[in-house]
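What you are looking at is a predicted structure, and each value in this text was computed from that prediction instead of being measured. Residue numbers start from 1 in every chain, and the chains themselves are labelled A, B, ... in the order their sequence lines are given, proteins ahead of strands.
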Protein chains: 4
Amino acid sequence: MSKPTLTVGLIGYQFMGKAHSNAYRQAGRFFDLPYTLRMKTLCGRNEAAVRAAAATYGWEGIETDWRKVIEDPEIDIIDVSTPGNTHCEIAIAAAQAGKMVWCEKPIGNTLSEAEQMVQAVRQSGKPSVVFHNYRKAPAVAFARKLIEEGRLGTIYHIRATYLQDWIADPEFPLVWRLQRAVAGSGTHGDIASHIIDLGRYLVGEFDEVSGMLHTFIKDRPLAGAIDDRLGAAASTERGEVDVDDASLFLARFKNGALGTFEATRFAVGRKNYNRFEINGSKGSLVFNLERMNELEYYNNEDPEGLQGFRLIQATESAHPFAGNYWPVGHIIGYEHTFVNLVADACFAISKGERPNPDMEDGYQNQRVLDAVERSHASRSWISL
Amino acid sequence: MSKPTLTVGLIGYQFMGKAHSNAYRQAGRFFDLPYTLRMKTLCGRNEAAVRAAAATYGWEGIETDWRKVIEDPEIDIIDVSTPGNTHCEIAIAAAQAGKMVWCEKPIGNTLSEAEQMVQAVRQSGKPSVVFHNYRKAPAVAFARKLIEEGRLGTIYHIRATYLQDWIADPEFPLVWRLQRAVAGSGTHGDIASHIIDLGRYLVGEFDEVSGMLHTFIKDRPLAGAIDDRLGAAASTERGEVDVDDASLFLARFKNGALGTFEATRFAVGRKNYNRFEINGSKGSLVFNLERMNELEYYNNEDPEGLQGFRLIQATESAHPFAGNYWPVGHIIGYEHTFVNLVADACFAISKGERPNPDMEDGYQNQRVLDAVERSHASRSWISL
Amino acid sequence: MSKPTLTVGLIGYQFMGKAHSNAYRQAGRFFDLPYTLRMKTLCGRNEAAVRAAAATYGWEGIETDWRKVIEDPEIDIIDVSTPGNTHCEIAIAAAQAGKMVWCEKPIGNTLSEAEQMVQAVRQSGKPSVVFHNYRKAPAVAFARKLIEEGRLGTIYHIRATYLQDWIADPEFPLVWRLQRAVAGSGTHGDIASHIIDLGRYLVGEFDEVSGMLHTFIKDRPLAGAIDDRLGAAASTERGEVDVDDASLFLARFKNGALGTFEATRFAVGRKNYNRFEINGSKGSLVFNLERMNELEYYNNEDPEGLQGFRLIQATESAHPFAGNYWPVGHIIGYEHTFVNLVADACFAISKGERPNPDMEDGYQNQRVLDAVERSHASRSWISL
Amino acid sequence: MSKPTLTVGLIGYQFMGKAHSNAYRQAGRFFDLPYTLRMKTLCGRNEAAVRAAAATYGWEGIETDWRKVIEDPEIDIIDVSTPGNTHCEIAIAAAQAGKMVWCEKPIGNTLSEAEQMVQAVRQSGKPSVVFHNYRKAPAVAFARKLIEEGRLGTIYHIRATYLQDWIADPEFPLVWRLQRAVAGSGTHGDIASHIIDLGRYLVGEFDEVSGMLHTFIKDRPLAGAIDDRLGAAASTERGEVDVDDASLFLARFKNGALGTFEATRFAVGRKNYNRFEINGSKGSLVFNLERMNELEYYNNEDPEGLQGFRLIQATESAHPFAGNYWPVGHIIGYEHTFVNLVADACFAISKGERPNPDMEDGYQNQRVLDAVERSHASRSWISL
């Protein structure tokens, strides 16, 4: 009723724009938020397209110049969901204008950009958010809780993969996500960044990495238009692919755990296989985004003969976020990770706490991304 | 823009009310609907509760008397989501007032009620809907498509189970779903009705059934308040459970297929295990609601040695509804079956087609429910 | 060293003959048996074939007349592994000659035969064995142990299926297993008998059943030769299939549990899907022969949020039989169920105990088979 | 009947001795071998123990001095199944005596040993065998066939793990497998060698590697006796663990494929999780030894919407070795990989072909093991 309002301006309206819009629209339907979220402005360069998107997704109005959105005194939150090459400028301008920066990952296309961005956010004194949304799957948040409670004991291993296949066809066009000038990197920043985040969230800080990046398909048809992940029309001309198709690395964590990390868009048959397995002295956990409502848990303190990986349906009220939706066994989907993230950030902000994850996490993530790139270039281990 | 409007009045605001509200609110966000859905009135007996629900779920206004909703000339659709004992009266009144009836399942508490209801709907000349929402999981709708294309050949078998455990605790209170006077039956109407619907949708019409109903726990603590599936407070007094805890039956279909059907709330560990397996002469299909984004398919025309159940992720644009949401591998959840059902009904109505499923399906479903009850009573096979 | 010897004569040398031979040959290699098992005589009608089989499987000698084997005073055990129509005569003769009868299932082709057989065995005063070998999978024997310990509490449900597809092709020939005069029944005696046995072993005695038998393919090419399950050559002539292709029934157990049982050879894609799920008040168990080294276990006394089906690898020394083979995680196969059964029978006999299962179990099994057949004929429930 | 004989002397009688004995004993029971395998001599240092093992496993006689076995002119095959520190001397002596060398893996404790061994084998002119038995799981051999047929197209990725947990308990004693002087290495030679072999068999030769070895538990109770993997009695004294607990590396193959390899004995809950996933341009394959009768296969040329990982039960006659055992769906176990390997080697030798795999494979494997060790030491990529 008398809740304060947080007013949002969202820059970007494609895949992430759709997901974020849904989150702002739905968060208050499932959570008793401390704020009313007002979806004021959706911003994009193509006026007709952004107007249509705003109508569909429920925004009050549109802009085609992001600077205007930042200048709007009513707006509290600037959500940066554009391709990576524009994040830095927008986020810094937003922070300098005193807005909260809520930013897609990876926050910058380079470590230098990320440093400038996080510096600007710190100087703004405002809370921030980075959209590492998979932390907010109930099963992942519950995994974190189990680890914090010590149920895994000393962590020995994490093996994390993020496997997709949407560009395995050599004739898939050179969309913006395959262009260094726009996306910064390929698989590395897009999906390796997610498993790096889960590694940091669940295991701890990285100590050193040794990795390689690889491009299987060196040239592709030019895309007819700079479009998002889906829907690009191919042209007959070809262009060079200057980003990685796969990113693989070994890691040591500061707490002594070992990790293997692999992200690729060439794992034919794997659609969204963001899977991790964590082994500790007292038990293990397994998660796979394709079955994101489930968590496997092995407890080596179970009685002899009765030990085994348990398939937990993380849809009970004992599981974070799950109780806000439906009865046990009635699953939620991908989009709800964003709904949960938005809700969680609102609760944190209202309590004066740092949202989890925020731009500091985005920055730490980028330090790992950068270290892997340097390891690739130098063919050696890089310390963090 | 200039879309016609369909105005909805929803009677009932608990579990199904929440799910239906979400569907009306979200359908237009993911589908380019032929109508604008206007969420005008939410109706319930407890004014404070219904007012809070309306605010949370996005309804313009409330009513505490369902007759007022039916009298509202602006309203096109009366959505009947109350406990079963009130369906008949509301639905008939709505039909007689010329409204479309969109009704939760089972449509009536008895076959006689269902007959009267479907008769009233027929006389209204209006399209209708019954919320057998699981037809609208992309994997299920795709299963139907594969069967229609003949990919399974002659169907030999269906084995369908709907297993839950939410009342396995003998001290779980006597909520309205466990009272014959309110719910009509227990497991039978609540969840056996769903697998009967899937049987009809995927295999065809039932020819005869032989079954049994059973109550494992004969008395329970009285619930402090008539509440929904969740959240009932127990009392120290106990009452008799006069509905079934489990419903099991064998079936022959008119096309010669054989079926086993089992619904129970006493399958400890099973939360929402609405699973079917269908075997035909050319292949087989398996679905489980707990992993509702997946469909298993066996094609016995695959090359020798290469045959096996395929785990299809029904999240591609080739799968019904899936293309309206997220890229492949980004799953949807329980609530989207209602979103899809609402969208699908809108498309059908705008084309002058019968929504699928409609009250005729609800009636046919009830004929099977009734036949199983009579089989249980007579300990014999009952023809349909 | 100074172990007493049990001398075996095996009647039948096809599929079961191969499996039993392997069991006699291997049992002493993995178990410290109380007896030396002497494989003296393999018996079959085709001298050349039985001679070749004896050499391959490790028998000292052969016979073509089973009566000669029974007359051999050195022989202690007559193993009856012939097609069903000869079981009765051989088993009774063996019992009357004072031999131990070790018999394949179902023990007779009719209940009357089974009664005569068990009567003869009782009169012989000798221990007996029936080859319901699946009791001896470590996971199944462990399931029994868990149930005996009360870990499932009160048993509410068993749902058991035995699904195969090896005759789904309508042109598969009319082998002996599809001829009533030889096999007695089709799916019913061959594989429904196995899930009935598991029901008796794990849940208890049946109280009443209601079922149906069905034949999908009414005629088939004649087999060129009466051969075993595999390898029959088809002829151009066709003959009537006079046995069932599928057997389905509902059951009540004497302890109040409810059961669904389904056996079919028309579940395309299912090869040896002998699966059961048992739900009790404290937990549940799931087993599938195709993954016979695994047992799923749900314990509803696990802490809130941590409940889930555990995938137990039944290859630890805590699991029956498993410690006699290989380290944990190194699986055993189908054949080892027979090895375990033979070893277990030897231990029981040496201690003067009844082997488990024995001909009394075979007889009780046949009573259930018979009741289902009568239920099918009378279209009613039959009490046991 | 008139088959030539191959006479075997087996050095070593513990875990591998048991497995190899079973293979020699059983191979002729399931395969129509070109040779009669004569199990003449089992050799070990502890006379009483080896005598008991010989009786149990079916050997004609025993020796306590392996040199005597090599001197036996009747013996054709010297099977080296001792701990790693004795392989080199025994194998070279056997080769120099003109025997066939059949050797456990890794063939030597160092690359230098392996070089000397393979040199001696080459000079002997005799065929040889190395016991990389997992090649002979039907599912793995079938995977190789699919890859050879081009069904995966260009191979992009292999990710292979071999995860166990049998020493995760810090109080598990310092058995010989944890002593460098005996075992040469820890996880690396014991189980990383297996996944390296599968990488070579299925993908091709390694080009370069970058890896790390790690020891989580630095000291352990001394074992009461140098015993095998199981059954060691712990002492109160402690000793240093001087081998690795985990081995992780990245790889590039000569054909351009990328690999991640991880072997550990600290993956709590994983018992024998030897799993690989291979992604090619046309499809993918997944295998897990714990479910060794299954192979998952994804074919991206399946029709749109119908693509998915197929769960192939590799128990059909179309699958290598499987037809020699039981009907489809009747699984085989760990021990059969050795039976198949022995049978396969016999067929190759009788045709004058190189057994697969042989000591040359053992040597190539050791080159990769060695390269990973050097990479670990130098913290850099090592070319092969």
Over 12 non-hydrogen atoms of neighbours within 6.0 angstrom of CD in C:E304: no
Engaged part of C:T154 at the chain B interface, taking heavy atoms whose separation is under 4.5 Å: neither
Ring-face cation of C:R270 near B:F309 (centre distance under 6.0 Å, axis angle within 45°): yes
C:A251 versus chain B, the contacting section by heavy-atom distance below 4.5 Å: backbone
Under 4.5 Å from a heavy atom of chain B, the part of C:L163 involved: side chain
Closest-packed option against chain C by number of heavy-atom pairs under 4.5 Å, given B:N299, B:V268, B:N279: B:V268
Choice from B:D245, B:I278, B:N300, B:T264 maximising heavy atom contacts with chain C below 4.5 Å: B:T264
Proximity breakdown for C:I158 and chain B, heavy-atom pairs closer than 4.5 Å: neither
Max heavy-atom pair count under 4.5 Å with chain B, selected residue of C:A246, C:S284, C:A168: C:S284
CG on B:L248 to CZ on C:R159, rounded to 0.5 Å: 8.0 Å
Under 4.5 Å from any heavy atom of chain C - which part of B:I217: side chain
Greatest number of heavy atom pairs closer than 4.5 Å to chain B - which of C:P170, C:G269, C:S281: C:G269
Greatest number of heavy atom pairs closer than 4.5 Å to chain B - which of C:Q307, C:M212, C:H214: C:M212
Structural part of C:S210 lying under 4.5 Å from a heavy atom of chain B: both
Interface moiety of C:F216 toward chain B, non-hydrogen atoms closer than 4.5 Å: side chain
Top of B:D169, B:T260, B:D165, B:L152 for chain C proximity - count of heavy-atom pairs under 4.5 angstrom: B:T260
Least distance between heavy atoms, C:H157 atom then B:F266 atom: CD2-O, 3.9 Å
